[in-house]
Amino acid sequence: MVKWRSEFAVNIRLVPYTWARHIHVALVSVSTSVLCWWALIMFVGLRGAMWSSQLDGPIFIGVISFGVVLGGVLAEGLLDARSPKWWAMSLLLGALLLGGVGAGAAAWIAHVLLLKLSASAAQNFEIAPVISSVRYAVWGFGAGGLFSGLGLIVVRGAKDKFNLIGGGMAGGLAASVVWWISKETYDPFVASGLAAVAWGLVTGLLAWVVPSSLYSGWVRVLSGSRFGWRVRVDGEKESSSELVVGHYPLGLDMWLPANEGVRELHLSVALTDKGRYVGRGMSLYPTVVSRFLERVDLRYDPEKPVPLETPLSSGDTITLSDGQTGTHLEFVMLPKRELS
Amino acid sequence: MCVLSLPLASADDDLGSIPGSMTRMEVMERDEGDSYYLRVFSTENECQNLTDQFGEDYQDCMPIVDPGNGNVRLAVQVVGGRDNSPLPLPLRVSDETYTVNPHRYIKVSHGVDDVRDGEDNQGVERHVEIVPHGEVSGNQLFVLLIDRSPSMNANDGGRLTRMEKTQRALLMDSVVDGFFGGRNNRVLLLTFSNDVRALGGGGSYELISDRNRYRDLVGQLSTGGTQTRLYESIGTVVDDVLNHGDVTSFTSSGTGVYAQVTVVVLTDGFNWTSSSDTCGSNARDLGRLLRRLNTMSNEPNPATIYTVGLGTEAINDFPWIQRGDDVVMYDDQVRAYLNQPPTPSTLCGSLADSYIDPPSGAGLEDRGIDNASLAWIAHVGGGDTYVRRGARQLAEAFEGAAAKRYEWFELRYHTDPTYFNQSFETELRLQAFADASARVMFYPPAWFGLPEAVTTDEDWMGEPTPLRATLGFVIPVVGLAISLVFVGSASFNLRRGLTRSRPKDPPQAG
């Protein structure tokens with residue numbers, strides 16, 4: 001019989017520190033790019049194309065690129081509870097100006113330059129844009145992708161600029177390939193929709209994952225008299241910190257009873273300057289970190305000057321023992337917003 | 001900046017976007033000098049104005065281009081004449097199939113490819129279809145010009161004389177309904193031989209509006225005269241009768257609304273004025289009449305001329321063209337043939353020197369009717385020609401001449417969808433009634449577009465896919481993405497719920 005406890009759960013609207021963290025932005029970007037593309041289709045269906053046919057491509061690329069950057073804004077802003085100023089800046093400058101107008105203009109310029117510089121391109125495009133655009137449209141998609149990457153820099157900051165620009169361009173190029181291939185089989189409606197999916201998916205996957213800074217490490221007691229008690233490792237500020245587990249009566253972050261196999265200073269869980277969590281054995285008694293297909297004994301070796309330590313991942317269990325009895329702990333990463 | 005401004009300057013702002021489609025269309029300027037042209041409707045306003053006149057749905061008029069299925073639909077109207085007004089067409093709807101034979105009226109070219117019913121060289125099915133719209137509810141005047149030459153007394157071995165067969169056909173209910181059916185129509189009864197004479201009216205032209213009066217006058221048809229001045233009589237009708245005050249008071253009313261005029265000519269032989277006339281000698285007079293009819297077709301409210309031959313064809317091999325297997329191509333050749341002025345050889349072929357009615361011996365009139373002249377006159381007159389023997393068959397010919405007129409029609413065609421991968425020009429050319437054409441350029445979408453229409457074997461044109469159908473793509477994609485977002489949290493929660501639900505080492509009691 002499973003007895004449900006709320007403390008086990010991550011809010012469904014938040015992203016757990018699992019594989020989901022790596023695809024979350026891609027899923028949001030796919031959704032927003034497809035919805036923006038659909039809005040364009042609906043507009044054309046209801047009002048007709050109110051622009052020159054030469055602007056079809058730049059508008060198409062600009063709208064999808066806007067959708068991709070919009071997905072980045074939503075993913076980042078909602079998970080990280082950003083300020084209104086950040087929202088305004090990201091939406092206007094990142095999504096609308098760079099991701100939308102900028103990408104469309106870049107695609108337009110790429111298209112125009114191509115037609116100016118290549119007589120055969122101009123002639124082919126004039127006669128059979130449906131066919132010849134396959135060869136030439138990749139420039140427009142690539143230029144649009146560059147600007148969707150620039151839009152994401154406004155959203156995420158310049159720290160990951162190469163990832164973001166690379167992800168944006170890769171998304172644009174992937175969209176052009178998918179669009180090209182699917183046009184052989186499907187009509188322009190489906191082909192353009194699949195291009196929107198490809199752009200959002202590739203950019204979302206390559207540009208960034210939900211960052212670790214949005215999560216906190218916790219140590220939770222899984223057994224004994226203090227079952228269910230949990231202590232957060234890191235502080236409110238983004239700096240290194242350390243949590244010490246033992247039965248020493250004064251000054252410990254996590255006190256556990258000695259009769260449950262815990263020594264005075266048994267274990268330390270630290271957040272390093274690089275944002276990684278590690279477990280350090282501080283006792284001569286068994287201190288075992290268990291994870292899938294791996295067990296690490298961190299008991300202190302008196303012959304070595306420093307304690308043994310191992311990186312901790314969400315879900316690792318730690319067994320503290322005095323040889324007679326023991327206590328089971330768990331290290332878990334939870335979204336910071338879960339706490340608020 | 002200069003480089004960028006060039007394409008903007010040449011941006012195709014003049015292209016019309018087809019509502020509900022990414023395809024653009026451009027109706028090309030018509031050739032100077034064409035008295036008639038085909039007007040192709042391209043905007044919602046144009047279609048609204050057109051269909052409002054007839055209480056029809058404007059959606060039937062809106063152009064449709066479905067590149068994925070290779071289908072095009074256009075609303076077409078024949079416009080021209082001195083006052084640039086619409087020319088209603090008497091489109092015949094088949095009694096068997098309830099459809100209009102499109103090749104009879106229009107030729108469609110998609111790029112350089114003529115679109116005809118059937119498969120092309122690559123085995124791709126092609127279709128052309130005409131759906132008439134805008135039935136003309138205005139007045140019509142039917143001018144019946146009946147041959148009263150002595151040969152109409154012949155009974156051809158039957159019980160009834162030719163004139164009696166004609167009377168019987170004209171009195172059939174279906175024919176009377178065709179002439180008077182539900183409209184403010186008039187019928188003018190004329191006979192011809194040495195000259196043209198009107199029945200009723202006491203010296204003037206009586207435009208019959210009453211069915212009983214019509215029946216009375218048809219009953220008075222009788223033979224007389226010695227000649228069969230067919231060409232001259234038709235010319236008299238066109239030049240004199242139709243311009244007579246008795247007639248114009250009806251055909252061009254004070255409100256400016258014209259009555260459409262249909263002339264139905266019935267004869268049982270050849271144009272003949274003397275015993276020295278040969279088939280070939282008629283070519284010059286026929287040519288003169290045809291030039292007059294061509295001039296008439298450029299005048300406002302031109303008459304449509306139908307010809308009916310009573311008997312059998314005397315010139316069996318007319319037109320003198322080798323008939324191949326391709327019926328549509330043969331029809332095209334015949335039209336081209338009839339667009340040329342007649343010569344003795346093109347009119348009569350090997351019979352050019354044959355006497356029509358020599359003083360002694362058998363002449364061409366003994367073989368039958370001058371079907372060649374009748375076909376030529378009907379072609380230039382914008383009507384149709386019939387050769388019939390019995391009264392019932394004659395009645396069908398009259399019914400055909402009394403066909404409803406339509407002010408516009410839907411032209412639908414289907415061809416190879418691969419032709420839609422590039423911009424293309426569609427050329428329409430009217431094959432009857434008038435010399436009129438139109439050219440339309442289409443630019444299918446290259447980057448993105450709306451869903452294709454759903455077609456079936458029965459409905460090859462299909463219905464445009466409604467916009468809500470686009471949700472069929474959006475909802476699965478977005479739904480899957482949202483589901484996967486939830487699956488991440490849900491699987492995490494489920495795993496922890498199952499594996500971390502109880503203390504591993506519960507504390508000892510006491």
Side-chain angles (χ1 to χ4, degrees), chain A residues 2-5 8-16 18-20 23-24 27-28 30-31 34-35 38 40-42 44-46 48-50 52-57 60 109 112-113 115-116 127-131 133 137 187-190 192-193 197 222-225 227 260 326-328 330, chain B residues 3-4 6-8 10-13 15-24 67-68 420-423 443-452 465-467 470-471 473-474 477-478 480-482 484-493 495-498 500-508:
Chain A
V2 174
K3 185 180 178 185
W4 189 260
R5 293 168 186 268
F8 297 153
V10 167
N11 191 317
I12 199 77
R13 69 188 168 83
L14 296 176
V15 184
T18 62
W19 54 267
I23 66 166
H24 181 79
L27 295 174
V28 176
V30 165
S31 301
V34 167
L35 286 173
W38 182 62
L40 175 65
I41 293 290
M42 291 298 288
V44 170
L46 294 172
M50 303 163 74
S52 157
S53 62
Q54 295 183 44
L55 290 176
D56 282 356
F60 169 57
I109 291 169
V112 169
L113 288 178
L115 297 188
K116 290 299 292 180
I127 296 170
V130 179
I131 300 170
S133 59
D187 60 2
F189 169 75
V190 175
S192 58
V197 172
L222 294 181
S223 65
S225 58
F227 170 76
E260 293 177 6
T327 294
H328 299 287
E330 180 191 34
Chain B
V3 168
L4 297 183
L6 280 176
L8 282 173
S10 64
D12 40 5
D13 293 334
L15 297 186
S17 168
I18 298 176
S21 166
M22 285 295 294
T23 300
R24 274 84 166 185
F420 290 71
N421 281 339
Q422 59 186 25
S423 50
Y443 302 89
W447 297 84
F448 65 103
L450 297 171
E452 294 171 0
T465 303
L467 277 179
T470 58
L471 289 171
F473 183 94
V474 176
V477 172
V478 176
L480 180 66
I482 293 174
L484 285 173
V485 167
F486 285 124
V487 163
S489 298
S491 64
F492 176 79
N493 291 341
R495 181 168 59 83
R496 294 187 60 75
L498 292 172
R500 300 278 192 254
S501 60
R502 290 174 299 173
K504 289 194 171 186
D505 184 16
Q508 299 295 317

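The chains referred to below are lettered A, B, ... by the order of the sequence lines, with proteins before strands, and numbering in each begins at 1. Predicted, not measured: the structure shown is a model, and the values here were computed from it.
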How far apart are the C-alpha atoms of A/Phe189 and B/Thr465, what are their side-chain angles, what is the distance that settles it, and do they pass the side chain to side chain contact (heavy atoms under 4.5 Å, CB included) test?
CA-CA 12 Å; A/Phe189 169 75; B/Thr465 303; over 6 Å; no

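The line from CG of B/Leu467 to CH2 of A/Trp38 is 9.0 Å long, rounded to the nearest 0.5 Å. In this structure, CZ in B/Arg24 is found 6.5 Å from OG in A/Ser52, a value given to the nearest 0.5 Å.
Closest approach of B/Leu450 to A/Asp187, counting heavy atoms only: O-OD2, 4.2 Å. For the residue pair B/Ser489 and A/Pro16, the shortest heavy atom distance occurs at OG-CD, 3.4 Å. A/Trp19 approaches B/Ser491 most closely through the heavy-atom pair CZ2-OG, 4.0 Å. Residues A/Pro188 and B/Pro445 come closest through the heavy atom pair CG-O, 4.4 Å.
Both the backbone and the side chain of B/Leu471 come within contact range of chain A, judged by heavy atoms closer than 4.5 Å.
When B/Val485, B/Val487, B/Val478 are each tested for a side-chain contact (heavy atoms from CB on, under 4.5 Å) with A/Leu27, only one passes: B/Val485.
Ring geometry, A/Phe60 versus B/Trp447: the interplanar angle falls from 30° to 60°, so the pair is classed tilted.
Of the listed residues (A/Gly57, A/Ala20, A/Gly48), the one with the most heavy-atom contacts under 4.5 Å to chain B is A/Gly57. Across A/Val34, A/Asp56, A/Val190, the residue that shares the most heavy-atom pairs under 4.5 angstrom with chain B is A/Asp56.
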